[in-house]
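Structure first, commentary second.
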Amino acid sequence: MRKRLVAGNWKMNKTYDEAVALVSEVVNMVKDEVTGQTEVVLCTPSIYLTALKQYLPVGGRISLGAQNCHEKASGAYTGEVSAPMLQSIGVRYVILGHSERRQYFNETNAQLAERVDAALANGLTPIFCCGESLDMRENGDYLGFVKEQLTESLFHLSAEQFASVVIAYEPIWAIGTGLTASSQQAQDMHRELRQHLAGKYGDEAAQNTTILYGGSANAQNAAELFAQPDVDGGLIGGASLKSRDFTTVVKANN
Ligand code: PEP
């Protein structure tokens with residue numbers, strides 16, 4: 001059975017004291033909700049990851065994630081964080097290919113393929129983001145575009161490596177805009193993407209792949225989105241910054 005997961009993407013938000021307060025609140029509120037096949041990941045700014053570890057309960061069902069990592073292990077890349085660095089502080093997840101990074105930092109499918117490799121080589125689970133713009137959705141082959149993102153960044157992986165990848169479908173037009181994909185739109189895309197994965201890795205591997213939805217998912221709409229058969233949880237931006245809202249989203253994923 002594939003795992004269900006809710007990951008919070010804090011982006012570039014919260015001072016240190018605010019981060020400690022939010023993690024403590026979230027852990028308190030969600031620790032009894034994370035059972036069975038469900039997991040919660042808090043992708044905080046990297047600078048806080050080491051310090052925040054101590055606020056997590058033992059058992060590993062609530063863990064920390066980074067929001068990016070560089071493809072190189074070390075070197076003259078000022079300001080960057082590498083996968084071995086994340087591994088060395090016990091981080092288990094890393095978001096890769098978020099649309100904001102693709103847009104503002106020009107991350108390409110080819111570069112992301114290398115980042116996926118770096119993450120996997122260091123025992124990190126990539127939460128690999130894909131998704132189309134509004135213009136693409138309205139005027140283009142949006143399904144082909146998103147499939148290509150998966151093909152170019154993931155399909156070089158062996159089946160064994162691929163089994164460790166989580167995918168997040170995040171239509172760009174829904175991220176931070178308050179516009180959510182309808183539950184039917186999300187389900188349709190997730191089913192299509194799962195079929196695309198099956199074409200490469202086979203039905204069983206595709207059925208075992210966790211595919212999250214992201215894009216203005218919140219306390220009000222999460223239950224309906226997560227009830228779709230091919231939606232296995234969410235990558236949550238804005239709503240992950242408020243403990244009560246995030247807890248409601250986590251509960252909706254059970
Ligand atoms: C995100 O940043 O991945 C995201 C989905 O943001 P929001 O929930 O705010 O749309």
Side-chain angles (χ1 to χ4, degrees), residues 4-14 18-19 22-23 26 30 39-46 48-49 63-69 91 93-107 112 115-116 119 124-134 136-137 142 145-146 149-150 153 165-183 185-187 189-190 193 210-226 228 230-253:
R4 301 190 65 88
L5 190 149
V6 172
N9 175 14
W10 288 15
K11 311 192 189 196
M12 194 175 71
N13 288 297
K14 304 291 177 188
E18 290 167 348
L22 181 56
V23 165
V26 166
V30 307
E39 270 188 51
V40 169
V41 181
L42 305 173
C43 299
T44 73
S46 293
Y48 304 142
L49 288 166
S63 42
L64 295 174
Q67 299 172 15
N68 182 37
C69 73
V91 168
Y93 286 87
V94 59
I95 297 172
L96 289 174
H98 192 280
S99 61
E100 287 151 16
R101 297 218 47 101
R102 292 176 187 264
Q103 182 182 352
Y104 303 131
F105 302 97
N106 303 316
E107 291 181 359
L112 289 166
R115 292 188 179 194
V116 168
L124 303 170
T125 298
I127 300 177
F128 181 80
C129 301
C130 57
E132 79 285 0
S133 65
L134 184 59
M136 182 67 71
R137 165 72 57 167
Y142 61 91
F145 177 83
V146 180
Q149 290 180 320
L150 298 182
S153 297
V165 175
V166 168
I167 290 171
Y169 168 62
E170 299 209 302
I172 299 169
W173 46 273
I175 297 179
T177 58
L179 282 178
T180 318
S182 69
S183 52
Q185 282 172 321
Q187 166 57 22
M189 277 304 278
H190 283 224
L193 297 180
T210 298
I211 308 182
L212 310 179
Y213 168 79
S216 298
N218 58 38
Q220 284 72 44
N221 58 27
E224 192 184 330
L225 287 161
F226 296 171
Q228 301 307 308
D230 284 291
V231 177
D232 307 315
L235 180 54
I236 313 298
S240 72
L241 298 173
K242 295 186 189 134
S243 53
R244 230 167 256 292
D245 288 2
F246 189 65
T247 303
T248 306
V249 173
V250 170
K251 283 187 187 170
N253 196 34

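What you are looking at is a predicted structure, and each value in this text was computed from that prediction instead of being measured. One-based numbering, in listed order, for ligands and for the atoms of each.
Judged by distance alone, with hydrogens and angles left aside, the side-chain atoms of Thr210 form no donor-acceptor pair with the main-chain N or O of Val166 at under 3.5 Å. Looking only at distances, no side-chain donor or acceptor of Tyr93 sits under 3.5 Å from a matching main-chain atom of Ile95.
Near Gly238, with a cut-off below 4.0 Å to any heavy atom, the atoms of ligand 1 are 7 (P), 8 (O), 9 (O). Of all atoms in ligand 1, numbered sequentially from 1 with element shown, those under 4.0 Å from a heavy atom of Ser216 are 7 (P), 8 (O), 10 (O). Those atoms of ligand 1 with a heavy atom of Leu235 less than 4.0 angstrom away are 3 (O), 5 (C). Listed by atom number, the atoms of ligand 1 under 4.0 Å from Gly215 heavy atoms are 5 (C), 10 (O). With ligand atoms numbered from 1 in the order given, ligand 1 contributes 7 (P), 9 (O), 10 (O) to contacts under 4.0 Å with heavy atoms of Gly176. Below 4.0 Å from some heavy atom of Asn9 lie the following atoms of ligand 1, by number and element: 1 (C), 2 (O), 3 (O). Every atom of ligand 1 with a heavy atom of Ala174 under 4.0 Å away is listed here by number and element: 10 (O).
Closest protein heavy atom to atom 3 (O) of ligand 1: Glu170 OE2, 2.7 Å. In terms of protein heavy-atom proximity, atom 4 (C) of ligand 1 is nearest to Gly237 N, 3.6 Å.
Checked by distance only, ligand 1 and His98 come closer than 3.5 Å through their nitrogen or oxygen atoms.
Residue contacts with ligand 1 leave out Ala239, since none of its heavy atoms falls under 4.0 Å from the ligand.
Counting heavy atoms under 4.0 Å from ligand 1, residue Ala168 does not touch it at all. The proximity of Ile175 to ligand 1, defined as any non-hydrogen pair under 4.0 Å, involves the side chain as well as the backbone.
Between Tyr169 and His190, the angle of the ring planes goes over 60°, which puts this pair in the perpendicular group of the 30/60° scheme.
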